[in-house]
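Okay, structure first, notes after.
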Amino acid sequence: MLSHRKPTRACLADIEDYFQQPPPQFLDLELAVCWVLACLLQSDSYPSGLLQRLQHDHPQLRLSETVLHQAVDFLERQEMLDCYTKRCPSRGRPRRMLHLHQDARDQAERLMKPWTRWLHEHAPITT
């Protein structure tokens with residue numbers, strides 16, 4: 001049976017625009033784990049800070065809070081993370097900070113090559 005779905009684009013120029021500005025791509029659990037590790041290899045962070053950094057560094061990518069929390073839980077179960085609280089003068093309550101264990105850094109570093117390759121392969125097309 002043929003689909004009679006109407007195209008969501010009005011003309012071919014709209015399709016060209018799609019490739020120039022594709023919709024955001026959501027990270028799955030595996031990619032989210034890589035993102036968290038990439039950030040924590042550089043410095044400790046809090047979960048919402050990781051989301052803000054992704055939006056700033058890779059605006060074409062998105063990460064849901066649910067998947068982020070699953071990634072953090074996964075890394076905690078792997079005993080790769082420590083968590084601690086840090087008081088911030090601009091906030092009323094302390095932030096839950098994430099810290100990558102020193103002995104987990106080698107494992108995290110090994111994932112950075114495929115993660116970087118994936119980022120490069122999924123970078124937006126620029127002309």
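Remember, it's a predicted structure, so these values are computed and weren't measured experimentally.
Panel note: side chain His56, backbone Gln52; no donor-acceptor pair is recorded below 3.5 Å. Between the side chain of Trp35 and the main chain of Leu68, no donor-acceptor pair closer than 3.5 Å is present. Within the 3.5 Å criterion, the main-chain N or O of Cys83 finds no donor-acceptor partner in the side chain of His99.
Distance check, rounded to the nearest 0.5 Å: CZ of Arg95 to CZ of Arg93 gives 10.0 Å. To the nearest 0.5 angstrom, Glu16 atom CD is 7.5 Å from Leu12 atom CG. Rounding to the nearest 0.5 angstrom, the gap separating the CZ atom in Phe74 from the CZ atom in Arg77 is 7.0 Å. With rounding to the nearest 0.5 angstrom, the OG atom of Ser45 is 7.5 Å from the CZ atom of Arg53. The line from CG of Leu81 to CG of Leu37 is 7.5 Å long, rounded to the nearest 0.5 Å. Note that CD of Gln60 is 10.0 Å distant from NE2 of His122, once rounded to the nearest 0.5 Å.
Remark: Asp28 pairs with no residue by the salt bridge (Lys or Arg N to Asp or Glu O under 4.0 Å) rule, at least two apart or across chains. Taking His69 as the reference, nothing meets the side-chain hydrogen bond (donor to acceptor under 3.5 Å, both in side chains) condition, with sequence neighbours excluded. A search for side-chain hydrogen bond (donor to acceptor under 3.5 Å, both in side chains) contacts involving Gln102 returns nothing, not counting sequence neighbours.
Leu27 places a side-chain heavy atom less than 4.5 Å from the side chain of Leu54. Here the side chains of Leu50 and Leu98 are in contact, with some heavy-atom distance below 4.5 Å. Side-chain contact between Leu40 and Met80 is absent, with no heavy atoms from C-beta onward closer than 4.5 Å. Within the 4.5 Å cutoff, no side-chain heavy atoms of Glu30 are placed close to those of Val33.
Nearest approach of Leu100 to Leu41, heavy atoms of both residues: CD2-CD2, 3.7 Å. Residues Leu61 and Leu119 share a closest heavy-atom pair of CD1-CD2, 3.6 Å. Of all the heavy atoms in Arg110 and Pro114, the pair that sits closest is O-CD, 3.4 Å. The nearest pair of heavy atoms linking Ser64 to Phe26 is N-CD2, 4.3 Å. The shortest heavy-atom contact between Pro94 and Thr85 is CB-CB, 3.9 Å.
Its side chain within the 4.5 Å cluster rule, Tyr84 clusters with Tyr46, Met97 among the Ile, Leu, Val, Met, Phe, Trp and Tyr residues.
Counting only residues at least two apart or on different chains, no salt bridge (Lys or Arg N to Asp or Glu O under 4.0 Å) pair has a member in residues 98-109. Residue pairs meeting the salt bridge (Lys or Arg N to Asp or Glu O under 4.0 Å) criterion with at least one partner in residues 64-76, sequence neighbours excluded, are Glu76-Arg96.
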